[in-house]
Amino acid sequence: MQLGELQNQIARFKRREVSIVAVSVDEPAASGTMVERLGLEFELGSDPEQSVVKAFAVQNPDTQELAIHAVYIVDQQGKVYYRKVGRRRPVSQELIDAIDTHRGDYPRSDEAVAPRKRIAVDYPENNFQALIAVAEVSELPETVDAVAFSRVYSLIKQSRTDDALIAFRVLTVRSTNADQQALHDAASWLVHLLLFTDNPEALEAGRALKKRLTRIRSLENALVGNKDSAAAHDEMLQTLAKARAGLSLARANISRHAGEWQLSYAKAAMRGYRAVASAEIILRKTR
Amino acid sequence: MKSISAFLLAMLTGLSSSFVFAEDASFARYKASSRDIESRDIRTNLYGASTDAPDALGIDNIVPDFVLPKAGGGNVSLSELRENGDVVIIFYRGHW
């Protein structure tokens, strides 16, 4: 379960007088940055000694220092009436349904809280192709606070991702004249600076990858829509197989240069980019 | 209309149990994992069990109270949370 998703739906838990506590083996300070970043209104307990993890017997069999993912719901006597251990992580709706079922009040008509408004990002996280798409900005917009921006940049360079996200929020508040598009462009510029300024080859490699992906997609569509002979079908399959082999080569080329191009920043850059989505909420609060 | 949609659902999944799911809406059913074919009653031990943690506390067990240091200072106590109502307890991997 994503703690952020849970936070979005917290009003529904409050309405049912249900508290939430999340337990991890992180130190309180590490959890603190996450509370700040996600704006969590429920408690995050730190269990570095794993005393609670062991009491519930939910240690991770692979790495003894971690818990396995688990969710319990207990009544006021501490008696478990719902649990899900190490399986597909439940979303809030499942937990709400468990509570309502337990109380004999299922299904209860209860509007789901609308998810936080996000800028539409129509590609997955950590996707090199996506990074190429967002990095097509050539400078920092004038309305964006340059000092706050350079702080975000240096924090990511130091691999302090969570701090960087908070700094990005600071950036949105400081840049009083920046509109959503300017913040969007600032994030794109951040991606560009982190990944492509020193590595024009990375940008070229990414564009080549994107081109191949587009071609494969159109080939796949053509194949599905094909009503012609079996021979034509076989030919299309062959073309597609060649295109896929080309894609593997393009991917291998990028992986080979991953160190040189510092693609480890990709994740941080993408998260910075996504932070823009939450910027709008702050803008609304502060203006 | 309801029975038609239930029928379609059964057709789609090829399972008679889906029929039951669509007809009986008095308690919640979910699939425990993406590999499960059938949805199950979520109130059973079978639903939330994992072979990775065979000894994990289960349905109707009383969980031990705990007091842990919390983010932002202070402590979080399960027994205090219980005084206000039911409690959802989540174990998660950590922020990295």
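Just the heavy atoms: all of them, side chains too, but no hydrogens, waters or symmetry mates, feed the values below. Proteins get letters first, then strands, A, B, ... in listed order; numbering begins at 1 in each.
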Greatest number of heavy atom pairs closer than 4.5 Å to chain B - which of [options]:
{"options": "A:Q59, A:R16, A:E94", "answer": "A:E94"}
{"options": "A:V23, A:I73, A:T101", "answer": "A:V23"}
{"options": "A:A98, A:P61, A:G86", "answer": "A:P61"}
{"options": "A:Q77, A:E27, A:Q76", "answer": "A:Q76"}
{"options": "A:A70, A:G104, A:A67", "answer": "A:A70"}

(request) Flag the pair A:H69 / A:V71 as yes when at least one side-chain heavy-atom distance between them is below 4.5 Å, and no otherwise. (result)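 They are in contact (side-chain heavy atoms under 4.5 Å apart), so the answer is yes.
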(message) Is there a side-chain contact between A:F13 and A:L95 in this structure, where contact means two heavy atoms from C-beta onward sitting under 4.5 Å apart?
(response)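 The answer is yes, as the side chains (C-beta and beyond) meet within the 4.5 Å cut-off.
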(request) Applying ring-ring contact (aromatic ring centres under 6.0 Å, His included), run through A:F56 and A:Y72 and close with a yes or a no. (result) CA-CA 10 Å; A:F56 279 70; A:Y72 284 85; 5.1 Å; yes
(message) Heavy-atom cut-off 4.5 Å, strictly under: side chain, backbone, both or neither for A:V21 against chain B?
(response)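 Contact with chain B involves both backbone and side-chain atoms of A:V21.
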(request) Grab the two heavy atoms, one from A:R174 and one from A:A148, that are nearest each other, plus how far apart they are. (result)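 Between these two residues, the closest heavy atoms are NH1-CB, 4.3 Å.
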(request) Compare every heavy atom of A:V80 with every heavy atom of B:G58, then report the nearest pair and how far apart it is. (result)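 Taking every non-hydrogen atom into account, O-CB, 3.3 Å.
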N/O donor-acceptor pairs under 3.5 Å from side chains in residues 42-50 of chain A, not counting sequence neighbours:
| residue | atom | partner | partner atom | Å |
| --- | --- | --- | --- | --- |
| A:E43 | OE1 | B:K70 | NZ | 3.3 |
| A:E43 | OE2 | B:K70 | NZ | 3.3 |
| A:S46 | OG | A:D26 | O | 2.9 |
| A:D47 | OD1 | A:Q50 | N | 3.3 |
| A:D47 | OD1 | A:S51 | N | 3.0 |
| A:D47 | OD1 | A:S51 | OG | 3.2 |
| A:D47 | OD2 | A:S51 | N | 3.4 |
| A:D47 | OD2 | A:V52 | N | 3.0 |
| A:D47 | OD2 | A:V53 | N | 3.0 |
| A:Q50 | NE2 | A:Q64 | O | 2.5 |

(message) I'd like to check the side chain to side chain donor-acceptor pair (under 3.5 Å) partners of B:D41; sequence neighbours left out, ordered by chain and number.
(response)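 Applying side chain to side chain donor-acceptor pair (under 3.5 Å) to B:D41 gives B:R43.
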(request) With a 4.5 Å cut-off on heavy-atom pairs, point out which of B:P69, B:A53, B:P54, B:P64 contacts chain A the most. (result)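 Result: the option with the highest number of such pairs is B:P69.
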(message) Looking at A:D100 and A:R103, is any side-chain nitrogen of the basic one under 4.0 Å from a carboxylate oxygen of the acidic one?
(response)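 Salt bridge: no.
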(request) Pull out the residues in residues 72-81 of chain B that come under 4.5 Å of chain A, heavy atom to heavy atom, sorted by number. (result)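 Result: B:V76, B:L81.
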(request) Using the test salt bridge (Lys or Arg N to Asp or Glu O under 4.0 Å), find all partners of B:R82 that sit at least two apart in sequence or belong to another chain. (result)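 Scan of B:R82 (salt bridge (Lys or Arg N to Asp or Glu O under 4.0 Å), adjacent residues dropped) gives B:D65.
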